[in-house]
Amino acid sequence: MVTATAKGDLRSGVAAPALAPESPVVWPARTVRTLANGLQVVLVESHTIPKFSGQLLFRSGNAAGEVPGLADMTAAVVRTGTASRSSRQIEEELRRLGADLGTSAGADSSAISFSGLAEFSAELLALVSDLARNASFPPAELERERRHQMEALRIERTTPGFLAGERLRKALFGAHPYASVSPSEEQVAAYTREGLERFYRAHYTPANALLVMAGDFSAQGMLEQVERIFADWHAPQPAVAAHPAPPRPQGRRAHLVHLPGSVQTQILLGNHAITRKHPDWFPLTLANSIFGGAFNSRLVMNIREQKGYTYSPRSAAHALREHGWFSVGAAVRNDVVAATLAEIFYEMDRMRALPVGDEELADSRNYLSGVFSLGLATQSGLAGQLVTVYLNGLPEDYLETYREKIRALSAADVLAAARRWFDSANAQIAVVGDRAQIAEQAALFAPVTVYDAQGNPV
């Protein structure tokens, strides 16, 4: 059997066929309205299957809470009952409708996500409206969720990936709410029903909300349905809190979380970067793909394929509403921590020093364009892309021009973005593992501060 790759079959010498021309993306028309109560509505028809998917989002998340994780707990308990529906009744109604519904929260937003058969859209939207307006926060459900979160927190405290992410975020964001990845057990224990209700009443309001739906409906008919269900919902826009500016680290520092007896080390390093609104977002996206954001990236080829230090290294550009950051991560054997860090910084500095080649540039542009197109193949994927646009206040043509803007980027654009946002000289390095095995290796790259799994300096 002959196996070919994009660059040809290395064993047979037979060249792989050239890539076919890129298929155009035909964008369905979108309907955008803002109701009199401030609720922004975005609708897109997608008649591939007789279903619809959507999200009702609120532009407030954990960063807006009085204490860390409050938005998460609020979202979890919102789903468990309203003034007219018990938790069991909600579950029975979802089963009757053949629908799915979930609630969640992130740093900057909270969401009620749903999907179901288009013929039952009115009933499902009525349930979504009830949860958004009339959540009752049953005390027994709050206690159940509290126990669940406590157990999840104890597991997180033994998970290297979580501990590395927590330590890096604290190093990058300091007193800003983005520094908090998860609450402490003491903070979860202190949550009150009144505190959850206070967050809910302040932030689950139509003036703070975005409703996005894609599916098998007529936009005009769905808009009329939304008006009937949501138009009499009234509450003001919440106040926007001012947050402290993140610190600006000068020089590298290593933050070691000691897990006694660990046989491998989680590495996660990073630096401040940008939000999606920044003009460098597209060049940074492409630079990240070439460096470590794709499976055939330089980082993967170096420390996975050539050296075998790790199975799944990866880099990423993270964009939140107020700030962004760039990160590079890998789980490696204890004996190659220093070698891995050396190669990561080598590849970062190579991106900053030399333009990428034409073939590498073209491959990465094709990859990003293809991944973007795949993300639009389902109703939920299409709705998710629209959420990105409207939740972040991006240009109306952001999705339609995405592939065009990626393809227009040059090697010079990638080099400029890498020089600005791959800040290897000031990178903050989180390493999680056995201190006796890795502290001296980390110290080759930066002064080391040691913490225990609870985040306390050792």
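All residue numbers refer to positions in the sequence shown, counting from 1. Computed over heavy atoms, backbone and side chain alike; hydrogens, waters and symmetry mates excluded.
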Worksheet item: Would R88 and E91 count as a salt bridge (Lys or Arg N to Asp or Glu O under 4.0 Å) if you check the C-alpha gap in whole Å, the side-chain angles of each, and the deciding distance to 0.1 Å?
Response: CA-CA 5 Å; R88 181 171 180 174; E91 297 305 323; over 6 Å; no
Item to complete: Report the C-alpha separation of R133 and D232 in whole Å, then their side-chain angles, then the decisive distance to 0.1 Å, and conclude whether the salt bridge (Lys or Arg N to Asp or Glu O under 4.0 Å) test is met.
Response: CA-CA 11 Å; R133 302 163 73 171; D232 63 344; 2.9 Å; yes
Item to complete: Kindly determine whether R350 and N302 satisfy side chain to side chain contact (heavy atoms under 4.5 Å, CB included), including the steps that lead there.
Response: CA-CA 12 Å; R350 187 159 71 103; N302 183 331; over 6 Å; no
Practice prompt. Could you please spell out the steps behind the side chain to side chain contact (heavy atoms under 4.5 Å, CB included) verdict for F282 and I406?
Written response: CA-CA 6 Å; F282 285 100; I406 289 292; 3.7 Å; yes
Item to complete: Verify side-chain hydrogen bond (donor to acceptor under 3.5 Å, both in side chains) between Q266 and R167, making sure each step is shown before the conclusion.
Response: CA-CA 12 Å; Q266 180 69 48; R167 187 47 47 196; over 6 Å; no
Item to complete: May I have the step-by-step check of side chain to side chain contact (heavy atoms under 4.5 Å, CB included) for M222 and E45, ending in yes or no?
Response: CA-CA 10 Å; M222 181 58 78; E45 296 182 25; over 6 Å; no
Worksheet item: Are I303 and E347 close enough, and set up right, to give a side chain to side chain contact (heavy atoms under 4.5 Å, CB included), and what steps lead you there?
Response: CA-CA 10 Å; I303 64 174; E347 293 295 356; over 6 Å; no
Worksheet entry | Stepwise side-chain hydrogen bond (donor to acceptor under 3.5 Å, both in side chains) test for T285 and N288 | CA-CA 5 Å; T285 299; N288 173 66; over 6 Å; no
Discussion item. Please evaluate residues S60 and N208 with respect to the criterion side-chain hydrogen bond (donor to acceptor under 3.5 Å, both in side chains), reporting the C-alpha separation (whole Å), side-chain torsions for both, the decisive distance (0.1 Å), and the verdict.
Written reply: CA-CA 8 Å; S60 302; N208 195 38; 3.0 Å; yes
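Looking only at distances, a side-chain donor or acceptor of N62 sits under 3.5 Å from a matching main-chain atom of A71. Side chain of S315 to backbone of G293: a donor-acceptor contact under 3.5 angstrom is found. Under the 3.5 Å distance criterion, the side-chain polar atoms of T80 are matched with a main-chain donor or acceptor of V77. Of the possible donor and acceptor atoms, one in the side chain of R146 sits under 3.5 Å from a partner among the backbone N and O of V188. The backbone N or O of R352 lies less than 3.5 Å from a partner atom in the side chain of R419, making a donor-acceptor pair. Looking only at distances, no side-chain donor or acceptor of R228 sits under 3.5 Å from a matching main-chain atom of A122. A donor-acceptor pair under 3.5 Å links the side-chain atoms of Y200 to the main chain of N134, judged by distance alone. Listed for the N392 side chain is a donor-acceptor partner under 3.5 Å among the backbone atoms of T388. A donor-acceptor pair under 3.5 Å is formed between the side chain of H272 and the backbone N or O of L172. Listed for the T103 side chain is a donor-acceptor partner under 3.5 Å among the backbone atoms of A75.
Counting only heavy atoms from C-beta outward, the side chains of M351 and W421 never approach each other to under 4.5 Å. The shortest distance between side-chain heavy atoms of V32 and Y390 falls below 4.5 Å. In this structure, P206 and F230 have side chains that are not in contact, with every pair of non-hydrogen atoms separated by 4.5 Å or more. Using a 4.5 Å heavy-atom cutoff, the side chains of F291 and V328 are in contact. Proximity of L386 to L399: side-chain heavy atoms (C-beta onward) are separated by under 4.5 Å at one or more points. Contact of the L101 side chain with the L131 side chain is registered, since non-hydrogen atoms from C-beta on lie closer than 4.5 Å. F114 is listed as a side-chain neighbour of M213, based on a closest heavy-atom distance under 4.5 Å. Side-chain contact between R59 and L391 is present, with at least one heavy-atom pair separated by less than 4.5 Å.
Considering all non-hydrogen atoms of both residues, A64 and H203 come closest at CB-CE1, 3.9 Å. Smallest separation of non-hydrogen atoms from P68 and P183: O-CB, 3.4 Å. Here the shortest heavy-atom pairing between L210 and V42 reads CD1-CG2, 4.0 Å. The two residues A105 and D72 have their closest heavy-atom pair at O-OD1, 3.1 Å. The shortest non-hydrogen separation linking Q379 to S46 is NE2-O, 3.0 Å. Nearest heavy atom pair, residue A383 against residue V212, reads O-CG1, 3.7 Å.
In this structure, E141 CD and S136 OG are separated by 8.5 Å, a value rounded to the nearest 0.5 Å. Taking OG of S182 as the reference point, atom CZ of R169 lies at 10.5 Å (rounded to 0.5 Å). Here T310 contributes atom OG1 and L299 contributes atom CG; the two are 8.5 Å apart, rounded to the nearest 0.5 Å. Residue L127 holds its CG atom at 8.0 Å from OG1 of T82, rounded to the nearest 0.5 Å. Here the CG atom belonging to L286 is positioned 5.5 Å from the CG atom belonging to L361, to the nearest 0.5 angstrom. Between atom CZ of residue R201 and atom CG of residue L196 there is a gap of 11.5 Å, rounded to the nearest 0.5 Å.
Relative to the ring axis of F162, R157 does not place its NZ or CZ within 45° and under 6.0 Å from the centre.
Checked options H318, H176, H278; the residue passing with H323 is H176 (criterion: ring-ring contact (aromatic ring centres under 6.0 Å, His included)).
Side chain to side chain, S410 and D413 meet the donor-acceptor criterion of an N or O pair below 3.5 Å.
Between R407 and E404, none of the side-chain N atoms (NZ, or NE/NH1/NH2) sits under 4.0 Å from a carboxylate O, so this pair counts as no salt bridge. With salt bridges taken as basic N to acidic carboxylate O contacts below 4.0 Å, none links R79 and E145. At a threshold of 4.0 Å, the pair D100-K51 does not count as salt-bridged, since none of the basic side-chain nitrogens sits closer than that to a carboxylate oxygen. Residues E66 and R198 are paired through a salt bridge, judged by an N-O separation under 4.0 Å between the basic side chain and the carboxylate.
The number of heavy atoms from other shown groups lying within 6.0 Å of NE2 (H47) is above 12.
Using a 30° and 60° split on the angle between ring planes, F326 and F422 fall in the parallel class, below 30°.
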